[in-house]
Amino acid sequence: MASRLEQDLSCPICCELFRDPVVLSCSHSFCKVCLENWWKDKPLKTCPVCKSKISMDPSLSLTLKNLVETFTEERRQTSPSPAQPECSLHSEKLRLFCEDHQDLVCLVCRDSRTHKDHSFTPIEEAAQELREQLRRDLTPVQENVLARSRAQLESSEAHITAQARRAQTQIRAQFEKLHQFLREEEESRMKALREEEEQKTQRMKDMMAAVSRDMEAVSQSVSETEELLRAADASFLLQYKTAAKRLQQRPLVEDMGPGALIDQAKHLGNLGFNIWRNMKSLVQFYPVILDPNTAGPRMILSEDLSSVRRGGGQEVPQNPGRRGNYCVLGSEKFVSGTHSWDVEVGEKLWSVGVNEFVQDGEVTVERGWFLRFKNCYYSTYSPSNGLKSLSVKKKLQRVRVKLDFGTKTLTFTDPDTNTDLHTVTGFISEGLRPYFYTEDEDVPLKILPRNITVTE
């Protein structure tokens, strides 16, 4: 293991002690040759470590060069000289390097038939030449690895941005749909309130008009009676019966009766709950949602992540959960309880079921249990039994997958006929995810929504 001092005196590019070290304006140092190779064919000169833009030519660091030479000399003096290896055939010192066999040989080997007419070089010269060759070969390898890593990261960054933009668009569309529903619901309820207000206000106006007419008649009767009271006795007595009878004929004040006022309870009672209940027709609930980050490059998912079909190849970044070209997993891992989902299936090759990844030492192993349709035949697959033919009387339009951790069973059912197709029992798993595979470009595998029940 290199010491801290040796690390500080090593070039970040070739990871060896500096050779003709140069220092950049950002204070990072490199071998002159390493830096020139790094900048070759690059339009912009940047520091390989901190990526700072470099506008000035690098200057030779004499201090660093002297430190490297001092360190090398001290290490040579303090390090014991390694024993020179001997030839296993002749017990002679290995002093030459056979360029034809690329191997160390002794002086006796050189004169043998095995190495007749071969080219030989002293060990020191051969080592120096091959070191230089290895350094030259190392630089493009490092650059290619870093370039590929950078390209992958840039691709992933662009993919993340595109994912976020698509998600934002879909979120806004969903909320606009809900906002539109709420605006229409609000207008409908305000309209009903306005109509009731107009109807009952008009009734009050009609009743007030009738009262006004009656008040005029009463006022006339009161005036006539007051005038009679001032008449002579004989005249008063002659008209008394008529006046008394007229006073007894009082106008009847109409009772408003029930329902005259605004029915606030009808308009405001459980308002939020009733609006939410009416939204059932607007929203859907899917028991399983597809995970785009596990979809193969040929998988096309719907915007609501409820269906998948085969499509053309597309660029997708590497992801640990991505498996194959034509499969995709559910977004949730089930570890307990009971779960079921119905899938509308297609006419071509498809599979539905569950999948898990288990750790076997340092290796991750993928296992799956699923029902498969291919070439008009149905079959089941499990890690222990492989593919097994399955007899199905009626062509399947839908498949129900039911996972019960309590009974440790996985059941495939035809929900149209309520017929059990296949049951896996006794399996133990630390977590299973729904699995979907299709090569159908026309008819997607579609997870069916579940009915929503609102209990009051």
- request: Mind telling me whether Y240 and F236 have parallel, tilted or perpendicular rings, with 30° and 60° as the class edges?
  value: tilted

message: Evaluate L35 against L24 for side-chain contact (heavy atoms from CB on, under 4.5 Å), listing each step before the verdict.
response: CA-CA 10 Å; L35 187 61; L24 302 182; 3.6 Å; yes

field: Min side-chain heavy-atom separation L349-N375 under 4.5 Å
entry: no

Main-chain N/O of E184 paired with S188 side-chain donor or acceptor, under 3.5 Å: no

- prompt: When you check the gap from the basic side-chain N to the acidic O, do E196 and K200 get nearer than 4.0 Å?
  reply: yes

- prompt: Which heavy-atom pair separates L387 from Y381 by the least distance, and what is that distance?
  reply: N-CD1, 3.7 Å

- request: Find the distance between CG (L448) and CD (E344) and round it off to the nearest 0.5 Å.
  value: 5.5 Å

Steps toward side-chain contact (heavy atoms from CB on, under 4.5 Å) verdict (L421, Y378): CA-CA 10 Å; L421 303 171; Y378 297 92; over 6 Å; no

message: Testing the basics here: between Q284 and P449, what is the closest heavy-atom pair and its distance to 0.1 Å?
response: NE2-CG, 3.7 Å

query: Using a distance-only test with no angle check, is there a side-chain donor-acceptor pair under 3.5 angstrom linking Q170 and Q174?
result: no

Plane angle bin for F370 and Y435 - parallel if under 30°, tilted between 30 and 60°, otherwise perpendicular: parallel

- prompt: Are the ring centres of W341 and F334 closer than 6.0 Å?
  reply: yes

task: Measure across F71 and L9 and return the closest heavy-atom pair with its distance rounded to 0.1 Å.
output: CB-CD1, 3.7 Å

- prompt: Looking at R367 and E356, does any basic side-chain N land under 4.0 Å from a carboxylate oxygen?
  reply: yes

- request: With side-chain contact (heavy atoms from CB on, under 4.5 Å) as the test, would you mind laying out the steps for L17 and T72 before giving the verdict?
  value: CA-CA 9 Å; L17 293 175; T72 303; 3.7 Å; yes

Presence of salt bridge, E198 and R203, under 4.0 angstrom: no

- prompt: In Å, rounded to the nearest 0.5 Å, how long is the span from OG1 of T380 to CH2 of W369?
  reply: 13.0 Å

Q397 vs D414, side-chain hydrogen bond (donor to acceptor under 3.5 Å, both in side chains): CA-CA, chis, key distance, verdict: CA-CA 8 Å; Q397 303 296 324; D414 180 357; over 6 Å; no

task: Could you tell me whether R298 and E441 make a salt bridge, using a distance below 4.0 angstrom between a side-chain N and a carboxylate O?
output: no

Distance-only side-chain donor-acceptor flag, S235 / Q239, under 3.5 Å: yes

- request: Could you tell me whether a side-chain N or O of D420 sits under 3.5 Å from a main-chain N or O of H422, the two making a donor and an acceptor?
  value: no

- request: Answer yes or no on whether K348 is positioned over the face of W350, meaning its NZ or CZ is under 6.0 Å from the six-membered ring centre and within 45° of the axis.
  value: no

field: Side-chain donor or acceptor of D263 paired with backbone N/O of K266 under 3.5 Å
entry: yes

query: Taking the side chain from R309 and the backbone from D440, do they hold a donor-acceptor pair closer than 3.5 Å?
result: no

- request: Using a cut-off of 6.0 Å, state whether more than 12 heavy atoms not belonging to M190 lie near its atom CE.
  value: no

field: Ion pair R398/D416, N-O distance below 4.0 Å
entry: yes

- prompt: Donor-acceptor pair, K40 side chain versus E36 backbone, under 3.5 Å?
  reply: no

- prompt: Hey, what do you get for SG (C31) to CG (L64), rounding to the nearest 0.5 Å?
  reply: 9.0 Å

task: Give, for atom CD1 of I447 and atom CG of L290, the distance between the pair rounded to the nearest 0.5 Å.
output: 4.0 Å

- prompt: If every non-hydrogen atom of I13 is compared with every non-hydrogen atom of P48, which pair is closest and at what distance?
  reply: CD1-CG, 4.0 Å

query: Could you state the interatomic distance from NZ (K177) to CE (M279), rounded to the nearest 0.5 Å?
result: 10.0 Å

task: Looking only at non-hydrogen atoms, find the nearest pair between T413 and T419 and report the distance.
output: CG2-O, 3.2 Å

query: So do the side chains of M299 and T438 get within less than 4.5 Å of each other, counting heavy atoms only?
result: yes

message: Whether the side chain of H28 engages the backbone of S25 through a donor-acceptor N/O pair (distance < 3.5 Å, no angle test) should be reported.
response: no

- prompt: Aromatic rings Y326 and Y437: how do their planes relate, parallel, tilted or perpendicular, breaks at 30° and 60°?
  reply: perpendicular

- request: Determine yes or no for a side-chain-to-main-chain donor-acceptor pair under 3.5 angstrom, with S10 supplying the side chain and E6 the backbone.
  value: yes

query: How far apart are the closest heavy atoms of P58 and W39, and which atoms are they?
result: CD-CZ3, 4.1 Å

- prompt: Are the side chains of L445 and V352 in touch, meaning some heavy atoms are under 4.5 Å apart?
  reply: yes

message: Quick one, P292 and L305 - any side-chain contact, counting heavy atoms below 4.5 Å?
response: yes

F181 side chain near N278 side chain, heavy-atom distance below 4.5 Å: yes

query: Is any side-chain heavy atom of F30 closer than 4.5 Å to a side-chain heavy atom of P12?
result: yes

task: Ignoring hydrogens and angles, state whether a donor on the side chain of D304 or S302 is under 3.5 Å from an acceptor on the partner side chain.
output: yes

- prompt: Do side-chain atoms of S340 reach the backbone of V401 as a donor and acceptor pair under 3.5 angstrom?
  reply: no

message: Quick one, S29 and F18 - any side-chain contact, counting heavy atoms below 4.5 Å?
response: yes

- line: Between the CZ atom in F436 and the CG atom in L329, the distance rounded to the nearest 0.5 Å is 9.0 Å

query: Going by distance alone, is a donor N or O of one side chain under 3.5 Å from an acceptor N or O of the other, for E195 and Q199?
result: no

- prompt: Side chains of S61 and T63: is there a donor and an acceptor less than 3.5 Å apart?
  reply: no

task: Decide yes or no for K408 and T425: does some side-chain heavy atom of the first lie under 4.5 Å from some side-chain heavy atom of the second?
output: no

- prompt: Counting heavy atoms not belonging to K51, are there more than 12 under 6.0 Å from its NZ?
  reply: yes

field: Heavy atoms of other groups near E347 CD, more than 12 under 6.0 Å
entry: no

- request: Could you tell me whether Q264 atom CD has more than 12 heavy atoms of other residues or ligands within 6.0 Å of it?
  value: no

Residue E157 excluded, over 12 heavy atoms near CD under 6.0 Å: no

message: Salt bridge or not between E176 and R183? Use side-chain N to carboxylate O under 4.0 Å.
response: yes

task: Just do the side-chain contact (heavy atoms from CB on, under 4.5 Å) check on R19 and C14 with the steps written out, would you?
output: CA-CA 10 Å; R19 302 183 309 279; C14 67; 4.0 Å; yes

- prompt: Under a 4.0 Å N-O cut-off, is there an ion pair linking R450 with D342?
  reply: no

